[in-house]
Structures are given as C-alpha cells and as structure tokens.
Amino acid sequence: MAKRRLTIAIDGHSSAGKSTMAKALARELNYVYIDTGAMYRGATLFAMKERFVLNHQVDEESLVESLDRLFLSFKYNPATETSEMHIGGINVEKEIRTLEVAKNVSLVAKIPAVRTKLVALQQRMAEGSGVVMDGRDIGTVVLPNAELKFFMTADPEVRAWRRLRELKEKGKETTYNEVLENVLHRDKVDSERAVAPLKQADDAVVIDNSNLTMEEQFEFMLNVALKRMET
Ligand code: DC
C-alpha cells in the first residue's frame with residue numbers, strides 16, 4: 001500500500017536545530033522543505049536595505065506601505081542542495097544569515113502586516129502534501145491541520161554553543177556571550193509578541209534535544225512520521 005504523504009510542521013525555539021531536522025526529514029521522505037525563518041529574515045533584510053531599520057527601531061508605517069514591493073521566493077540550488085532565499089530574484093541566502101539580520105528579525109516578525117503577508121505565502125507554498133515546514137507558528141497558525149507537528153527545544157546555553165560553532169564555521173567573528181544574548185532575546189520576543197507568539201500546539205510531539213545526538217533525534221522523528229503515515 002502506498003504510504004500517505006504528510007504535511008509536517010516543526011516549531012520551536014531559535015537555534016534548536018529545527019531546520020537541520022526538517023531538511024533531513026524532507027530529504028529522507030522526498031518531501032519539499034520550507035524554511036519560514038528564511039522568509040522573516042528576507043523581510044528583515046529588505047527593511048534594512050530600504051533603511052526602515054535604524055538603531056534597532058523599525059519605521060513600521062513605511063515598511064508596511066512598501067510590502068507590495070517585497071517579492072520573496074525560494075530557488076533550489078543543486079550545488080548546496082538547498083532552496084535559497086531570493087528577494088526580487090536576487091540571491092540573498094548568505095546575507096539573511098548574518099548576526100545583523102538576526103538582531104533585527106524579531107522586530108520585523110512581530111509586525112502584523114508582515115505576518116499576514118508571509119503566512120498567506122507559506123500556506124500557498126504548502127498546498128498539496130509531502131511538505132516539511134519549520135518556524136514558530138506553523139502548527140498553531142500557518143498549518144493548524146498538519147497531520148504531524150513537532151515542537152523542538154533545548155537549553156538556551158546548549159543552543160548558544162551550537163549556534164556559535166555554526167557561525168565560527170562560516171568564518172563569522174562573534175563571542176559566546178553575544179550569541180547567548182541573541183538566543184535569549186529572540187526567545188523572549190518570539191514568545192511574548194502579541195501576534196502568533198511561539199507556543200506549542202496542543203497536539204505537537206515535544207522534543208527536548210539538549211542531550212540527544214542528531215542521529216538519535218532524526219531516528220525518533222522519522223519513526224514518528226513513518227507511524228503517522230500508516231494511521
Ligand atoms: O528560524 P530562524 O532563526 O531562521 O527565524 C528567524 C526569526 O524569524 C526568528 O527570530 C523568529 C522569526 N520567525 C517567526 O516569527 N515565525 C516563523 N514562522 C519563523 C520565524
């Protein structure tokens with residue numbers, strides 16, 4: 001019997017390893033992977049380039065008025081085997097991963113009009129099944145009917161060490177304290193914002209991966225998905 005293709009939502013705290021797991025699951029199951037964090041980062045980069053973000057303050061009115069000019073899309077790059085973020089057709093995958101963007105993204109992600117635009121786009125991208133989408137509000141707002149929802153977390157210190165290692169590997173100069181501060185700040189803003197705050201869906205499978213290896217975690221998630229396909 002052919003296995004049922006699922007829509008899988010993965011939410012959780014920043015730097016909890018959501019995208020690594022989402023990508024691995026999508027590859028294993030031959031599903032499409034959609035990184036919604038990249039979309040909020042794209043919107044933030046756009047706001048920064050348009051000079052709507054100055055000294056960590058957003059000129060919300062100007063940004064909202066300009067949202068019609070924001071064209072976000074993913075294009076698959078076979079060389080990196082990932083779908084890379086583009087703004088108006090220009091590849092910005094590297095730029096959206098900088099700490100500067102990370103520092104401003106929560107400010108932009110809490111603007112209701114930004115969320116409305118991106119959620120609509122995400123829902124269109126997820127039409128049809130065989131999708132893994134990761135973010136903060138996927139199981140609660142974007143895809144509340146997803147057949148499988150995960151909520152991933154880990155201790156903030158563990159997440160900061162992992163993120164620091166990642167940034168160092170990419171040659172970015174930063175310190176553990178700076179990264180920890182950013183992780184804690186994003187947890188706070190993501191959880192406390194008025195619109196679509198980060199929270200666990202009631203029917204999510206919760207994974208605290210502080211003491212799990214990637215392999216252990218992947219095996220666990222894959223098994224849950226395979227079982228769900230049979231129900
Ligand atoms: O997953 P990430 O770190 O790339 O996400 C970047 C930021 O975008 C994060 O600080 C919270 C925000 N975000 C959001 O508000 N809603 C989502 N669905 C995904 C990300």
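Excluded from the calculations below are hydrogen atoms, water molecules and symmetry mates; all remaining heavy atoms, backbone and side chain alike, are included. Just so you know, these numbers come straight off a predicted model, no measurement behind them. Atoms within each ligand, like the ligands themselves, are counted from 1 in listed order.
- Protein heavy atom closest to atom 19 (C) of ligand 1, with residue, atom name and distance, is Thr36 OG1, 3.3 Å.
- Among all protein heavy atoms, the one lying closest to atom 3 (O) of ligand 1 is Arg186 NH1, 2.9 Å.
- The nearest protein atom to atom 16 (N) of ligand 1, hydrogens excluded, is given as Arg115 NH2, 2.9 Å; this is a heavy-atom distance.
- Under 4.0 angstrom from ligand 1, there are no non-hydrogen atoms of His185.
- Using a 4.0 Å cut-off between charged nitrogen and carboxylate oxygen, Lys49 and Glu95 count as a salt-bridge pair.
- Contacts of Gln122 with ligand 1, taken as heavy-atom pairs under 4.0 Å, are absent altogether.
- Within the listing of ligand 1, atoms 7 (C), 8 (O), 10 (O) sit less than 4.0 angstrom from a heavy atom of Val105.
- The protein atom (non-hydrogen) at minimum distance from atom 8 (O) of ligand 1 is Tyr40 CB, 3.5 Å.
- With Thr36 contributing its side chain and Asp134 its backbone, the two residues share a donor-acceptor pair below 3.5 Å.
- The contact set between ligand 1 and Ser106, taken as ligand atoms under 4.0 Å from a residue heavy atom, comprises 10 (O).
- Under the 3.5 Å distance criterion, the side-chain polar atoms of Asn209 are matched with a main-chain donor or acceptor of Ala16.
- With a 6.0 Å radius and a threshold of 12 heavy atoms from other residues, nucleotides or ligands, Lys227 has its NZ atom at or below the threshold.
- Regarding atom 18 (N) of ligand 1, its nearest protein heavy-atom neighbour is Asp137 OD1, 2.8 Å.
- With respect to Glu127 and Arg124, no salt bridge is recorded, no charged nitrogen being found less than 4.0 Å from a carboxylate O.
- Glu84 and His86 get closest at one heavy-atom pair: O-ND1, 2.9 Å.
- Of the protein's heavy atoms, Ala109 CB, 4.0 Å lies nearest to atom 12 (C) of ligand 1.
- Among Met133, Lys110, Arg136, His13, the residue whose heavy atom sits closest to atom 2 (P) of ligand 1 is Arg136.
- In terms of protein heavy-atom proximity, atom 4 (O) of ligand 1 is nearest to Arg41 NE, 2.7 Å.
- Classification of Arg97 and Asp35 as a salt-bridged pair holds, one side-chain N sitting under 4.0 Å from a carboxylate O.
- Here Asp190 has side-chain heavy atoms under 4.0 Å from ligand 1, and that is the only part of it that gets that close.
- For Tyr31 against Val131, the heavy-atom pair with the smallest separation is CD2-N, 3.5 Å.
- A salt bridge is absent between Lys172 and Glu100: the closest approach of a Lys/Arg side-chain nitrogen to an acidic carboxylate oxygen does not fall below 4.0 angstrom.
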